[in-house]
Amino acid sequence: MSMYLRIKQLNKTYGSRQVVSDLELEVQEGEVLSLLGPSGCGKTTILRMLAGLVAPDSGYIEVGGRVFFDGKRGLLVEERGLGMVFQDYALWPHMTVAQNISFGLRLRRMPARQIKERLHTLLELVNLPGYEQRYPYQLSGGQQQRVAVARALATEPRLLLLDEPLSSLDAALRETMSAELVQLFKRLKITTINVTHDQNEAMTMSDRITILRDGQVQQIGTPTELYLQPQNAFVASFMGQANMLPGALTDSDSETASIQLHDEDVCLSGQISAEARKHSGSHYFVCRPAHIAIAQEPPSAPHQNILTGQVVQTFFVAGRWRTHIKAGRQQQYTIQAFTDQPLQPSQSVWLAFPPTQSLIVPA
């Protein structure tokens, strides 16, 4: 695949607040890239700068070999040839499904016969044949979302922009729709930028994810890379539940390191991230709940990556028991892990952290 979208040194400030800071981004043709981060991290501002709805302060944007913004001037919205799906879908309530989808085609004065053929193709693509004469109020949330996607695709855009398109749907429908959208975008081979604050949605829909915080890129990678190999504490915590124990490095080599927990005489070993190796301050020992082994009896042989603790509470979630455990002598840590059976509150347990599935990142 060839490089399709390039963003260089993109900046945007509102008053004294730097919303987007020196953004560098490259997206391949046909790739689905999600911008993921908490509210106020700049992801929607980036999307609006791509669309031409907000003017950058400085930087460079190029899409499909065409310069959208050169640092001083930018193309008008209507000249960019983009498709956009908004959070609330923004369907015209007085127009039928057919009129909503073909709105952009009529503005371009496409012949009626071609509009009819294009409309038929799009309705088939989004699994809504026979819905042409219905109005938005007669559709479910998922059906309205499909209409919004079809309308965005009608003009064959060079880039598709999604602004939290699934946030209005319930959890079950959101999961179904995210899978359907991925299949559709891959079939059409359309380059897509998706803005979301939902980690599960980003991991389901994306080829790669850009994690943003305070207008700055924290890490870019595949969903697997970001989950298993976060470069810092923010990415580790944002990409799903993670146990993060603070401490200081005691020794390290090219791939592994040991960390002594603060106010403890316990050292834990794990894989060390590239960023952690450069960092001279405090670090976190990170291990996902699913990777921790819980024993109700002390280990028969000494093991470095063992902590003792007491069960606080247990919940049944998605077919497994999620257990909260209090550990630490001087400084208390709450650790989450999964078990196949419920454990009793105040019960003593031993936690084993596999070094190959644990990571040390900079605090």
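- A donor-acceptor pair shorter than 3.5 Å cannot be found between the side chains of E164 and T196.
- Between F185 and N194, the closest side-chain pair of non-hydrogen atoms is not below 4.5 Å.
- Listed here is the closest heavy atom pair of M95 and N100: O-ND2, 3.2 Å.
- Smallest separation of non-hydrogen atoms from V20 and Q18: O-NE2, 2.9 Å.
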- For M239 and M203, what are the C-alpha separation, side-chain angles and deciding distance, and is it a side-chain contact (heavy atoms from CB on, under 4.5 Å)? CA-CA 9 Å; M239 287 304 294; M203 294 181 78; 3.8 Å; yes
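- Linking Ile, Leu, Val, Met, Phe, Trp and Tyr whenever their side-chain heavy atoms come within less than 4.5 Å puts M49 and F86 in one cluster.
- If you check the side chains of Q219 and N232, you find no donor sitting under 3.5 Å from an acceptor.
- In this structure, the side chains of E180 and R146 come closer than 4.5 Å at one or more pairs of heavy atoms.
- V97 pairs with exactly one of L122, L119, L91, L123 by the side-chain contact (heavy atoms from CB on, under 4.5 Å) rule, that one being L123.
- Within 6.0 Å of the NZ atom in K186, the count of heavy atoms belonging to other residues, nucleotides or ligands exceeds 12.
- Rounding to the nearest 0.5 Å gives a distance of 9.0 Å between CD of Q28 and CG of D207.
- Note on ring orientation: taking the six-membered ring where Trp is involved, the planes of H279 and H283 are perpendicular (angle over 60°, cut-offs 30° and 60°).
- Remark: side-chain polar atoms of Q332 are paired, donor with acceptor, to backbone N or O of G328 under 3.5 angstrom.
- Across C267 and Q260, no two heavy atoms sit closer than the pair SG-CB, 3.7 Å.
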- Query: Checking side-chain contact (heavy atoms from CB on, under 4.5 Å) for the pair R134/L128: CA distance, chi angles, key distance, verdict?
  - Reply: CA-CA 11 Å; R134 296 197 187 187; L128 287 177; over 6 Å; no
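- Of the possible polar contacts, one joining the R288 side chain to the Y227 backbone as a donor-acceptor pair under 3.5 Å is found.
- When side chains are defined from C-beta on, F238 counts as touching P38, because their heavy atoms get closer than 4.5 Å.
- For T250 (side chain) and S258 (main-chain N/O), a donor-acceptor pair under 3.5 Å exists by modelled atom type.
- Remark: R187 CZ is packed, more than 12 non-hydrogen atoms of other residues, nucleotides or ligands lying under 6.0 Å away.
- Remark: H262 NE2 is packed, more than 12 non-hydrogen atoms of other residues, nucleotides or ligands lying under 6.0 Å away.
- Closest heavy-atom contact between P354 and H291: CD-O, 3.1 Å.
- A single hydrophobic cluster is not seen to contain both I61 and M3; linkage of ILVMFWY side chains at heavy-atom distances under 4.5 Å, directly or through other members, places them apart.
- For the atom pair K12 NZ and S58 OG, the distance stands at 10.0 Å (nearest 0.5 Å).
- Checked by atom type, the side-chain pair Q347/Q310 shows no donor-acceptor distance below 3.5 Å.
- L181 places a side-chain heavy atom less than 4.5 Å from the side chain of L166.
- Counting heavy atoms from C-beta outward, V67 and Y60 have side chains that approach closer than 4.5 Å.
- Going from atom CD of Q218 over to atom CD1 of I211 covers 8.5 Å, rounded to the nearest 0.5 Å.
- Between the side chain of R158 and the main chain of R80, a donor-acceptor pair closer than 3.5 Å is present.
- Residue T314 comes nearest to P342 through the heavy atom pair CG2-CA, 4.1 Å, listed as atom of the first residue, atom of the second, then distance.
- L25 and T210 get closest at one heavy-atom pair: CD1-OG1, 3.5 Å.
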- Message: Does L245 form a side-chain contact (heavy atoms from CB on, under 4.5 Å) with Y284? I'd like the steps, not just the answer.
- Response: CA-CA 5 Å; L245 310 180; Y284 279 109; 5.8 Å; no
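- Contact annotation: the side chain of R113 approaches that of E117 to within less than 4.5 Å [non-hydrogen atoms, C-beta and beyond].
- A donor-acceptor contact shorter than 3.5 Å is absent between the side chain of D163 and the backbone of L161.
- With hydrogens and angles disregarded, a donor-acceptor distance shorter than 3.5 Å links the side chain of S273 to the backbone of A276.
- When V85, L160, L184, L33 are each tested for a side-chain contact (heavy atoms from CB on, under 4.5 Å) with T192, only one passes: L160.
- No more than 12 heavy atoms of other residues, nucleotides or ligands shown are found within 6.0 angstrom of CD on E255.
- In terms of modelled atom types and a separation under 3.5 Å, the side chain of D214 and the main chain of C41 share no donor-acceptor contact.
- How far OH of Y4 is from CD of E62: 10.5 Å, rounded to the nearest 0.5 Å.
- Hydrophobic clustering, with ILVMFWY side chains joined whenever heavy atoms are under 4.5 angstrom apart, keeps W350 apart from Y333.
- Remark: I220 CD1 to Q231 CD distance equals 12.0 Å, nearest 0.5 Å.
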- Task: Evaluate the criterion side-chain contact (heavy atoms from CB on, under 4.5 Å) for residue pair V349 and V311; output intermediate values, then yes/no.
- Result: CA-CA 7 Å; V349 291; V311 175; 3.9 Å; yes
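- I193 and I7 fall within a single hydrophobic cluster, where Ile, Leu, Val, Met, Phe, Trp and Tyr are joined by side-chain heavy atoms under 4.5 Å apart, directly or via other members.
- Under the 4.5 Å side-chain criterion, counting only non-hydrogen atoms from C-beta, L307 is not in contact with I325.
- No more than 12 heavy atoms of other residues, nucleotides or ligands shown are found within 6.0 angstrom of NE2 on H197.
- For N243 (side chain) and C287 (main-chain N/O), a donor-acceptor pair under 3.5 Å exists by modelled atom type.
- When atom types are taken as modelled, the side chain of N11 and the backbone of D57 share no donor-acceptor pair closer than 3.5 angstrom.
- You'll find the side chain of L35 reaches within 4.5 Å of the side chain of L212, heavy atoms only.
- The 12-atom threshold is not exceeded at CD of E175, counting heavy atoms of other residues, nucleotides or ligands nearer than 6.0 Å.
- Side chain of E132 to main chain of G130: a donor-acceptor pair is present (N/O by atom type, distance under 3.5 Å, no hydrogens or angles).
- Classified by interplanar angle (parallel below 30°, tilted 30° to 60°, perpendicular above 60°), the ring pair F103/W92 is tilted.
- M84 and L50 fall within the same hydrophobic cluster, where Ile, Leu, Val, Met, Phe, Trp and Tyr residues are linked whenever their side-chain heavy atoms come under 4.5 Å apart, directly or through other members.
- Taking 4.0 Å as the cut-off between side-chain N and carboxylate O, E31 and R208 count as a salt-bridged pair.
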